[in-house]
Amino acid sequence: MNRYNPKNFESKWQAEWDKSGIYKAQDNSLKPKKYILEYFPYPSGAAMHVGHVRNYAIGDAMARFNRMQGFEVLHPMGWDAFGLPAENYAIKNKVSPAVAIEQNTKRFKAQLNQMGFGYDWSREINSTDPKYYKWTQWFFLLLYKRGLAYQQESLQWWCPVDKTVLANEQVEAGLCWRCGNQVEKKSLKQWFFKITDYADRLLNDLDDLNWSEAIKSMQRNWIGKSKGALIDFKIDGSSQKIQVFTTRPDTIFGATFLVVAPEHQIVNLITADSQKTAVEKYVKDTQAKSEIERQETGREKTGVFSGTYAINPLSNEKVPIWIADYVLAGYGTGAIMAVPAHDERDFEFATKFNLEIKQVISNDDSGDGFTVNEGGMVSSGEFNGLDSAQAREKIVQKLAELGLGVEKVNYKMRDWLISRQRYWGAPIPIVYCSKDGVVPLDEKDLPVLLPEIESIEPSGDGRSPLVNVESFVNTTCPKCGGSAKRETDTMDGFACSSWYFLRFADPNNDKMPFDKSKADYWLPVDEYIGGAEHAVMHLLYARFWTKVMYDEGLIDFTEPFTTLRNQGMILAPDGNKMSKSKGNTIEPDGLIESGYGADSIRVMELFIGPWNQASNWSVDGLGGSYRFLQRVWKITSQYIEAVDGDLSSSSAQRLKKIEHKTIKKVTRDLENLSFNTAVATLMEFVNDLYKIKEESPIVKKTAWDDVIVSLLKLLAPIAPYITEELWHLMGKEDSIHLQAWSVFDESLTQDDDFELVIQINGKVRQQLRALNSLSQKELIDLALNDDKVKKYINQNPVKKTIVVPGKLINFVV
RNA sequence: GGGCGAGUGGCGGAAUUGGUAUACGCGAUGGACUUAAAAUCCAUUGGCCUUUAAAGCCUUGAGGGUUCGAGUCCCUCCUCGCCCACCA
């Protein structure tokens, strides 16, 4: 047989697997199902590098392992092709996005195929296909129908580089999540999805998900639920009032001033003439500050006195009203009651501007009192002596009686802004009629096709390039039949990815987005694999849509992804993130071309370290993976070519034993996603086989049959090509990937004896072989008769003897 | 500042319920094969330690504790990574 040369057979098997359709998932299977999904990729201009590949290598190993274990596996792939990355690539390269997407998907698909990933390509979807986005538009109408899509004019995040608005989730520390440039605020009329209606459910249902705590806490943090109260402060000498939100109504007697955000509408009203110039200047200065500046931490507090006072509703004290940008206009009511004695920020502000600081909670270890969170109420009138937690309720009760306060739950999460002033997205299925106003389209009018146009560059005037396409804009009103204009904004790409996992269950349905029975069979996704970067975007949106679909009765489950797996990043050998701009990407294509083959890369991706930890790519390490596969090739071909003969029964027994031990260990490792140790175990297995072969040469059709079959099967999920090739060289029929997983016999994994470790005072001093059948007393006698042990005990009396059966003895002397 | 996670050889990393620390791989060194190289195969490879051997001692970020026994459990501290960050 030839030497191991992956070039000789990898593309052959790709074609063969494709032809025989071995990865097709059956909708009506009697087997238990397993839906394994990797995030569907953006087919951007940059090809996939070995970092991206890891994601798919993990999913593919899981899919193959589960298939061999008897599950009906759905492992599909598609393209998240709408959105800025694809569009920007198209603009930069002066091609139409549609053409760019076609080229890039082709390239990505070829890369996935050459890596040997087993997808059910009969279910391939593309979010830019009208057959797909028809249903994305259908979901828009569903949300509209359910009162969850609405239009509103307000200040929005605007990216001046990408020339579109962005959702809250898509702005990271004042920067656009896509291009990394500073965003601005711009007032525009926009479409929103009312995700805030689902805030509580999105929060509560997290508890039962098998997701990492990191991602769950990111979502909890993002939803940002806090319980508190709305409290009205009358403005002194006016009938007007200021409403504040606080989580600590118990501290109200310590509220020595109010602070309102500079953007608050009431600012003009409360500004006294004497302070007019100062306030106007402050408000203007604030506007000039970038979002980044405003969000800088450790920044010194700034603010200005309005010149007016409010009345504390319980203490009836006159408290000054200040204007400061440390209060955010968009959260709560945009105004706070400041309690400097018990809030660090208020304390800092009060100290700087010499405002009164009044302690209202104290406890025994309180010191100066300013750090006390909970304790007994002081200086709080009738509430003195109460515990702060109790006072919280009593005070809200009292305020409610006075008609000045009410309990309130607040969320940091805002509604999801989904309009984009860009060309490359699914058109929003809405028309504006001079007679009927805003009119949603009928389902029969879907899809609203995205017209092919020449200039797709956004103008930056807050309108999408589609406004210039008259044939698109001018239409008729579905209600009155009169002339109407289409909405020209397109939907956020995240709308497309909020339901794609359902489409895979029924990808070619042209009557419905999916058939309910198919969705209920395949969904929820059992294993969802991808990076952590989607924690508060895609993963929150998809959960929201799923709940809406459940409420509409389209599906019977409320969470889309039962288990979420965030794989660790593969970094460049220098430890940096791989990126095209840094020029440090390593693509699989070249490695395959130079002879390593896809299997070596796959072994390396999984062997490099725990699947959920970041690792640096190593070219030397890849050589090690290749050598391992070569040894597998060699030992298998020696077995195939061997001449029949005899094998000593002790060698046969040894083979059997290591085979079953290996099956046991690898099975457990794959169940636990411990791919790196599974590979290590297989390497040890092969090393052992070499040793045994050395002692007694391989003979055919004896103990070696099962051993080699098991070796190939155990390796198949990780290295599908070499195992398939060797499987067929052995003369086997069908694909190895459709075979049943090897099972181990527990009794065959047991040894007759074990290495007894003998410790004296906790230090290992001797190791002896001991039979499993020995009693504790016999073990102790065995140990005490050993010369070395005798030497260490040195005739001292043994105070204590600890025997761990099957493992060790510790003598305390 | 808050949350989550992690610190083990020259490097990536391994270690069921506390029970032989350093599996497996890389790198390195020596050897076999070869005219030579590559490839392959074999051996060695935590530190004190410098040629070998024996013996000993030390070693899982630092310090303490529990225990017959701690990488693993508890306390204090240090460092790094990721996420969030003036959310009242």
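Everything numeric in this text was worked out from a predicted model, so none of it was measured. Within every chain, numbering begins at 1; the chains are lettered A, B, ... in the order of the sequence lines, protein sequences first and strands thereafter.
Using atom C1' as the reference point in both B/rG10 and B/rA28, the two lie 9 Å apart (nearest Å). Between B/rG19 and B/rU29, the distance separating the two P atoms is 37 Å to the nearest Å. Atom C1' of B/rC11 sits at a distance of 7 Å from the matching atom of B/rG27, rounded to the whole Å.
The side-chain heavy atoms of A/Thr256 and A/Ile357, taken from C-beta on, include no pair separated by under 4.5 Å.
Within the 4.0 angstrom heavy-atom criterion, no nucleotide atom of any strand lies near A/Ser618. Residue contacts shown for A/Ile802 include a base, since a base heavy atom lies under 4.0 Å away.
In this structure, A/Asp250 pairs ionically with A/Arg248, as a charged nitrogen and a carboxylate oxygen lie closer than 4.0 Å. A salt bridge is absent between A/Glu684 and A/Lys665; no separation between the charged side-chain nitrogens and carboxylate oxygens falls under 4.0 Å.
Listed for the A/His342 side chain is no donor-acceptor partner under 3.5 Å among the backbone atoms of A/Thr251. Side-chain atoms of A/Arg414 come within 3.5 Å of backbone N or O of A/Lys412 as a donor-acceptor pair.
Comparing A/Asn687 and A/Val757 along RNA chain B, the residue whose closest nucleotide (by nearest heavy atom) sits nearer the 5' end is A/Val757.
Within the shown strands, B/rC24 is the pairing partner of B/rG12 under the Watson-Crick or G-U definition, both distances less than 3.5 Å.
Under 3.5 Å, the side chain of A/Asn810 and the base of B/rC68 form at least one donor-acceptor pair of N or O atoms. In the interface, the side chain of A/Lys301 is paired with the base of B/rC86 through a donor and an acceptor atom under 3.5 Å apart.
A/His538 has its ring centre less than 6.0 Å from the ring centre of A/Tyr39.
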Practice problem: Could you run through nucleotides 37-43 of chain B and give me one letter per nucleotide, 5' to 3': B if any protein heavy atom sits under 4.0 Å from the base, S if only the sugar-phosphate is that close, - if neither? | Solution: --SSSS-
